[in-house]
2 protein chains.
Amino acid sequence: MSATAALRIGEVAQRVGVTPRTIRYYEELGLLGSGSEREKGSHRTYAETDIARLQELIRLRDLLGLTLEELVELAEAEEARAALRDRWEEDPSDEERLRIVEEAIPHVERQLSLVRGRQATLEEFAAELEAKLERLRRRRREPAR
Amino acid sequence: MSATAALRIGEVAQRVGVTPRTIRYYEELGLLGSGSEREKGSHRTYAETDIARLQELIRLRDLLGLTLEELVELAEAEEARAALRDRWEEDPSDEERLRIVEEAIPHVERQLSLVRGRQATLEEFAAELEAKLERLRRRRREPAR
DNA sequence: GATAATCTTTACGTAAACGTCAAATTGATC
DNA sequence: GATCAATTTGACGTTTACGTAAAGATTATC
């Protein structure tokens with residue numbers, strides 16, 4: 001995993017507003033990068049980038065209502081990218097950096113389009129509610145229909 | 001119930017995209033107007049206004065991620081309104097119409113504010129994603145950081 | 001290096017939101 | 001008024017997304 005602070009599961013959980021159990025569960029589903037390698041039985045460690053990633057997942061879950069299964073699909077696409085990002089810290093040759101960035105872009109674009117789509121749907125809904133409101137207000141002014 | 005066509009549960013389910021079981025479950029939770037009165041054992045009947053109502057619930061569930069329990073709260077506020085609306089069809093004196101409309105307005109306003117709130121949150125998320133995208137694109141242009 | 005706090009693994013439990021099955025009933029149609 | 005599809009009620013089953021409890025191991029701290 002990236003070489004930042006090295007947080008443990010409890011603090012990560014607190015900071016993103018979930019329980020440790022949730023984090024382990026997500027790892028079990030393959031949503032988190034399988035924690036690199038880790039001696040069986042030793043404590044899990046996380047870096048800031050892992051927190052960012054987890055928060056992203058939580059938001060996709062909460063704001064778009066994606067199921068964990070759907071998140072797994074999304075994440076699988078990102079797996080390759082995460083693997084590359086690991087090597088970023090080690091030996092980031094310019095050429096490799098470019099490849100990493102170029103892989104990341106369509107992934108973020110995909111997320112963005114999901115968000116934009118949901119926004120559009122919500123806008124439709126809002127418009128209908130506005131129309132309804134206006135009808136009601138008109139009726140209030142002129143009771144004779 | 002209002003005096004429109006008189007649909008049965010199967011068709012209602014098809015039209016809103018759920019199963020009959022879901023409709024019965026929602027009724028059990030008190031989300032649907034308890035089907036007015038209905039001889040025990042006889043088929044449930046629905047009118048167009050019931051379909052509209054159910055679709056509203058489904059959208060609140062899907063788009064805002066409200067739990068059925070939260071929907072019940074929202075619906076309870078609407079119950080009084082629904083009761084009034086029943087009398088709309090029978091004997092809608094102008095005075096009563098006015099009261100009904102005035103009860104309906106804050107309810108729709110409440111829904112609208114929920115939708116607007118969610119839109120705002122999504123806009124934040126979208127903005128972050130846009131920023132991320134731009135950072136990535138800049139790095140693609142100038143690989144040296 | 002002992003102690004305490006936190007963590008790991010394993011396993012069973014649970015709430016929400018329905019699915020599914022069965023047997024009896026209803027309502028539409030001929 | 002018989003038939004046949006759709007419905008009702010009741011009950012138990014299922015999936016998702018974790019909760020919870022227990023027993024032992026790890027890591028930080030003194």
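- Using a distance-only test at 3.5 Å, with no hydrogens or angles considered, a donor-acceptor pair links the side chain of Asp50(B) to the main chain of Ala47(B).
- We find that CG of Leu57(B) is positioned 18 Å from P of dA16(C), with the value rounded to whole Å.
- Separation of atoms CG (Leu31(B)) and CZ (Arg61(B)) is listed at 10.5 Å; rounding is to 0.5 Å.
- Using modelled atom types, no side-chain atom of Arg138(A) and backbone atom of Glu142(A) make a donor-acceptor pair closer than 3.5 Å.
- The side chain of Glu69(B) has dA16(C) as its nearest neighbour among dT8(C), dA16(C), dC18(D).
- For Arg8(A), taking side-chain heavy atoms from C-beta onward, the closest of the listed nucleotides dT7(D), dT9(C), dT6(C) is dT6(C).
- A donor-acceptor pair is defined here as one N or O able to donate and one able to accept, closer than 3.5 Å; no such pair exists between the side chain of Gln55(A) and the backbone of Ala52(A).
- Nearest nucleotide to the side chain of Thr67(A), out of dT27(D), dA17(D), dT7(D): dA17(D).
- Using a 4.0 Å cut-off on heavy atoms, the residues of residues 14-22 of chain A that approach DNA chain D are Thr19(A), Arg21(A), Thr22(A), listed by number.
- In this model, the phosphate group of dG19(C) is not approached by any side-chain N or O of Tyr25(B) to a distance below 4.0 Å at OP1 or OP2.
- Using a 4.0 Å heavy-atom distance criterion, Arg24(A) is classed as a base contact.
- A sub-4.0 Å separation between OP1 or OP2 of dC18(C) and a side-chain N or O of Arg61(B) is present.
- Using a cut-off of 4.0 Å between Lys/Arg side-chain N and Asp/Glu carboxylate O, Lys132(B) and Glu56(A) are scored as salt-bridged.
- Looking only at distances, no side-chain donor or acceptor of Arg44(A) sits under 3.5 Å from a matching main-chain atom of Ile9(A).
- Comparing Ser42(A) and Leu29(A) along DNA chain D, the residue whose closest nucleotide (by nearest heavy atom) sits nearer the 5' end is Leu29(A).
- The CD atom of Glu39(B) sits 15 Å away from the C1' atom of dT7(D) (whole-angstrom rounding).
- Rounded to whole Å, atom P of dT7(D) lies 11 Å from atom CG of Leu7(B).
- Using a 4.0 Å cut-off, some side-chain N or O of Lys40(B) falls inside it from OP1 or OP2 of dG10(D).
- Ranked by how close their nearest DNA chain C nucleotide is to the 5' end, His43(B) and His43(A) are led by His43(A).
- Ranking dT8(D), dC18(D), dA16(C) by closeness to the Arg38(B) side chain, first place goes to dT8(D).
- A salt bridge is defined here as a Lys NZ or Arg NE, NH1 or NH2 lying under 4.0 Å from an Asp or Glu carboxylate O, and Glu130(B) with Arg135(B) fails to meet this definition.
- Checked against dT8(C), dT10(C), dA17(D), the side chain of Leu68(A) finds its nearest nucleotide in dA17(D).
- Close to dC7(C), at under 4.0 Å from its OP1 or OP2, lies no side-chain N or O of Arg44(A).
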